Amino acid sequence: MNSTPRALNRILLGLCGLVLMLAGTCGAALAYAPGFAGPWQASTLQAGIQIDRIRQGTTLDGQSDSWLWIVLAAALLLVAVLGTVWIAAQGRGRTGVFAYTPGPANDDAPGSVTLTAGAAEQALRAALLERNDLTNAVVTTWDFRGGPALKVRLFPRKGVSPYAITAVTTELIEALDLVAGQRTPVLISISSGARSRFTRTERVS
Amino acid sequence: MGSLLLFAVGLALFLLAVLPGRRIRYVVPSGRAAVVVDAEVLASALARRARQAAGVAPEQVMVTVGRKTADIQVRPTSGIPVDAAGVQSAVEDDLRHASVEPLPVVRVRIAPSGVIGQ
């Protein structure tokens, strides 16, 4: 539900893995395969000569070093900025507005109506926590496809049927729909936390 | 030696990227909301149902829910046989009632030795 760039994360992780696997394979081949060392040495020598040529080609007259170093520094700075952006992009997407209605277009009654996320979250959570078969309930509001969406995390006691909890929660959400006057997309996630593992089993149902 | 370690770390990262996530979840169809259930929650609900069907204490039933299977292990009380087919049908009935997707295959195993004093 949050806007974590999952595809990007997977691609980066896979690329890191591939690079490490390649480096490991090369290292192992150098250490254990005698036939690999000769061609490897030749190709690295060639690459060293190539790099030297590039370095000399990019050194301006009167300067002692290539200007490629400055480009390299700028590129690394860019990588650092991109990395920071990537970190900041993880897990975002919570919103503080549950419902918003702009006022009428004509000037009879100017103004708009906003329901904050806290109103819906607290109402739903309070209703859910009255139930004995739940140890905890967490309700949060997220931006989802251009509008608000509710995420309801439920932590049932041991042995409680997920179907029964779903039915009850759906009823509560439909009541909220009536009050708010709109049908918000809802995700219900039923998981077991530490408290549901260690507290007593719900015996009466 | 170091390069082999490097390869192993790389392989682990690559597999993490390619394989599906580790948390097993099931979907419960609902008209109003999208509902996902952790396998652990499903397992504890099935354990309760299996325990009632077998007539044993909670400690004698162990349920493991995987991606496509639900394994139910029952250790009967010594001298009181447990009806495996009964447990199986009770659990399957519960699963059908909850209509989780994908419907896991239920396997019931009754331990050959019983426990005393439950």
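For the numbers below, each heavy atom of this structure counts, side chains included, while hydrogens, waters and symmetry mates do not. In what follows, chains are A, B, ... by sequence order, proteins preceding strands, each numbered from 1. Nothing here was measured: the structure is a model prediction, and the numbers come from that model.
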Practice task
Name the region of B/L19, side chain, backbone, both or neither, that has any atom closer than 4.5 Å to a heavy atom of chain A.
Solution key: backbone
Completion exercise
Answer key: most heavy-atom pairs under 4.5 Å with chain B among A/A164, A/A29, A/A28 is A/A28
Handout entry: From B/L11 atom CG to A/T25 atom OG1, the distance as rounded to the nearest 0.5 Å
Key = 9.5 Å
Handout entry: Pairs of heavy atoms under 4.5 Å with chain A: top-ranked of B/A39, B/G31, B/S44, B/A34
Key = B/A34
Practice task
Rounded to the nearest 0.5 Å, what's the gap from CZ on B/R32 to CZ on A/R183? Could you check?
Solution key: 4.5 Å
Handout entry: Engaged part of A/R153 at the chain B interface, taking heavy atoms whose separation is under 4.5 Å
Key = side chain
Exercise for the section: Inspect the surroundings of OH in B/Y26 and state if more than 12 heavy atoms from other residues, nucleotides or ligands are less than 6.0 Å away. Expected result: yes
Fill in the blank from the handout: Rounded to the nearest 0.5 Å, the CG atom of B/L13 sits from the CG atom of A/L15 at a distance of 11.0 Å
Exercise for the section: Could you look at A/D177 and say if it's the side chain, the backbone, both or neither that has a heavy atom under 4.5 Å from chain B? Expected result: side chain
Exercise for the section: Measure the spacing between OG of A/S161 and CZ of B/R49 and express it to the nearest 0.5 Å. Expected result: 10.5 Å
Problem - Heavy-atom closest pair, residues B/V41 and A/P156 - result: CG1-CG, 3.9 Å
Problem - For A/S191 against B/R23, the heavy-atom pair lying closest together - result: CB-NH2, 4.5 Å
Problem - Minimum heavy-atom distance B/P20-A/R10, with the two atoms named - result: C-NH2, 4.3 Å
Exercise for the section: Working to the nearest 0.5 Å, report the span between SG of A/C16 and CG of B/L16. Expected result: 11.5 Å
Practice task
List the atom of B/A33, the atom of A/I188, and the distance in Å for their closest heavy-atom pair.
Solution key: CB-CD1, 3.8 Å
Completion exercise
The interface call for A/T166 against chain B, heavy-atom contacts under 4.5 Å, is side chain
Handout entry: Nearest non-hydrogen partners of B/A17 and A/G14, listed with the distance
Key = CB-N, 3.4 Å
Practice task
Identify which part of B/V18 has an atom lying under 4.5 Å from any heavy atom of chain A, answering side chain, backbone, both or neither.
Solution key: backbone
Practice task
For residues B/F7 and A/M21, report the shortest heavy-atom separation together with the two atoms involved.
Solution key: CD1-O, 3.3 Å
